[in-house]
Amino acid sequence: MQPTVQPFFDPATWTWTYVVHAGEGTACAIIDPVLDYDPKSGRTRTDSAQQVVDYVRAQRLSVQWILETHAHADHLSAAAWLREQLGGRIGIGGRIPSVQGVFKKIFHLEPGFPTDGSQFDHLFADDEVFDIGALQARVLSVPGHTPACVAYQVGDAVFVGDTLFPPDVGTARCDFPGGNARTLYQSVRKLLAMPDDTRLFVCHDYPPNDRAPRCETRVAEQRAHNIHIHDGISEEAFVAMRTQRDAGLQMPQLILPSIQVNIRAGQLPPPEDNGVSYLKIPLNAL
Ligand SMILES: [Fe+2]
């Protein structure tokens with residue numbers, strides 16, 4: 001089964017969003033959609049998500065799922081806005097409550113903020129199988145970048161979230177709360193145990209030099225060429241490399257705005273009594 005995968009690249013956050021489906025007029029899932037956010041003005045826009053809407057309408061697709069691979073720290077999710085436009089159910093990995101618990105404390109969110117994942121329409125269990133129309137999909141638990149990361153397998157396509165990036169970029173950082181380099185190594189090895197020609201669709205690309213952004217790699221290419229985790233790199237060597245590298249990375253520019261929206265399934269925080277929604281900046285907390 002080789003589903004159609006339509007990618008959309010957001011150059012502002014280096015994020016790939018996908019629509020996966022079985023052809024014109026069928027059901028689809030939208031994966032990791034982006035809500036544009038300008039940190040200078042505090043203004044959101046839906047230009048990126050509108051491209052997804054236009055594609056879904058042009059292909060006459062019915063949206064069954066809007067899937068998140070994890071609570072992203074570098075872009076706001078357009079899941080809630082897209083559900084208003086197109087319908088569908090918002091799904092995420094079943095360990096999201098642990099992430100909500102950590103960040104409810106960090107952001108000192110309103111007492112009524114639930115940390116049971118109930119902002120999402122569905123929490124996926126490990127290895128859960130679900131349908132996207134006639135396509136069958138499976139959830140793979142791939143923690144490490146965050147403790148709640150999942151990948152979605154649809155036929156020969158796997159949407160790997162922030163585990164692997166293109167081979168010349170490597171792997172995702174593991175220094176966010178609950179992240180763990182050893183766990184990421186094991187998650188990536190699980191993905192790379194799949195058949196050689198499995199298509200892997202990444203959530204980000206940060207292309208070096210003048211290379212054009214790319215979204216698709218294959219298992220065989222990653223095993224041969226991934227600069228962080230090709231075959232032959234041991235768990236110990238990976239953990240040492242990842243830990244040292246993460247110690248030198250700055251926080252993503254949008255981590256504070258992103259997380260507090262994304263743990264609400266892409267809803268903005270509830271408006272205050274003047275009707276305005278506010279984001280919080282915890283000082284000296286991260
Ligand atoms: Fe991420």
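All of these numbers come straight from a predicted model, not from anything done at the bench. Remember, it's 1-based here, ligands and their atoms both numbered in the order they're listed.
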Indicate whether any N or O donor in one side chain lies under 3.5 Å from an N or O acceptor in the other, for Glu128 and His122.
yes
Apply side-chain hydrogen bond (donor to acceptor under 3.5 Å, both in side chains) to the pair His70 and Asp162, showing each step before the final yes or no.
CA-CA 8 Å; His70 62 295; Asp162 286 5; 3.2 Å; yes
Considering only residues two or more places apart or on different chains, which pairs with a residue in residues 254-274 satisfy side chain to side chain donor-acceptor pair (under 3.5 Å)?
Glu110-Arg264, Asn274-Tyr278
Distance-only criterion, 3.5 Å: show the donor-acceptor pairs between side-chain atoms of residues 246-256 and protein atoms not counting sequence neighbours.
from   : atom 1 : to     : atom 2 : distance (Å)
Asp246 : OD1    : Arg242 : NE     : 3.0
Asp246 : OD1    : Arg242 : NH2    : 2.6
Asp246 : OD2    : Cys174 : N      : 2.8

I need the minimum non-hydrogen distance between Val5 and Tyr18, along with the two atoms involved.
CG1-CD2, 3.6 Å
Can you list the residues that meet the side chain to side chain contact (heavy atoms under 4.5 Å, CB included) rule with Ala137, with sequence neighbours excluded?
Phe130, Ile132, Val154
What protein N, O or S atoms come within a distance below 2.8 Å of the Fe ion (ligand 1), ordered by chain and number?
His70 NE2, His145 NE2, Asp162 OD2
